[in-house]
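Throughout, numbering of the chain's residues begins at 1 and tracks the sequence. Counting convention: from 1, in listed order, for ligands and their atoms alike.
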Amino acid sequence: MDIEEKLLKLIKSKKKGILQNELWKAAKIDSSKCSRILARLEKEGKISREPSDRTYLIKLAKEKKEKTKNFRLLLIGDMFSPCTGCALECVPEQCATLSDWVCRLEQ
Ligand code: SF4
């Protein structure tokens, strides 16, 4: 396990975060090396650093959750809108495809 992995593992083990001055001692590395690695990890978005007294509170960065796409918004009942992905020149009032789809919704 390299030192970066070791630091991440230590950070992960503390749910409320770990103070930077505790972290470098726990990892058995000097403070400046720890600081350089943490700056890199922060830049990569893997951790966050919040000022705390005269040191930093280090936490794992929250994973960005991808927004779940609600494809049900494209449906009326179980029917998919004909307009989705349509490349036709659009005049909805005159569109037979749309009219057919709307008529089938009423069935
Ligand atoms: S109304 Fe008709 S032409 Fe317009 S986007 Fe929908 S399906 Fe396509």
Less than 3.5 Å apart, any donor N or O on the side chain of Ser32 or Asp30 sitting next to an acceptor on the other?
yes
Ser35 side, atom OG; Glu42 side, atom CD - distance, nearest 0.5 Å:
9.5 Å
Is it the case that more than 12 heavy atoms not belonging to Asp53 sit under 6.0 Å from its CG atom?
no
Determine, for Glu22 against Lys14, whether the closest basic-nitrogen to carboxylate-oxygen distance falls under 4.0 angstrom.
no
Suppose I only count heavy atoms of Cys86 and a 4.0 Å limit; which atoms of ligand 1 are within that range?
3 (S), 5 (S), 7 (S), 8 (Fe)
Any N/O/S atom from Cys95 (main chain or side chain) under 2.8 Å of atom 2 (Fe) of ligand 1?
yes
For Pro82, the ligand 1 atoms with a heavy-atom partner under 4.0 Å come out as 7 (S)
Nearest candidate to atom 6 (Fe) of ligand 1, where distance is taken over non-hydrogen atoms, out of Ala87, Cys83, Ser99:
Cys83
Would you say Lys12 and Lys9 make side-chain contact, with heavy atoms under 4.5 Å?
no
Just which atoms of ligand 1 are under 4.0 Å from any heavy atom in Leu98?
1 (S)
What protein heavy atom is closest to atom 4 (Fe) of ligand 1, reported as residue, atom name and distance in Å?
Cys90 SG, 2.5 Å
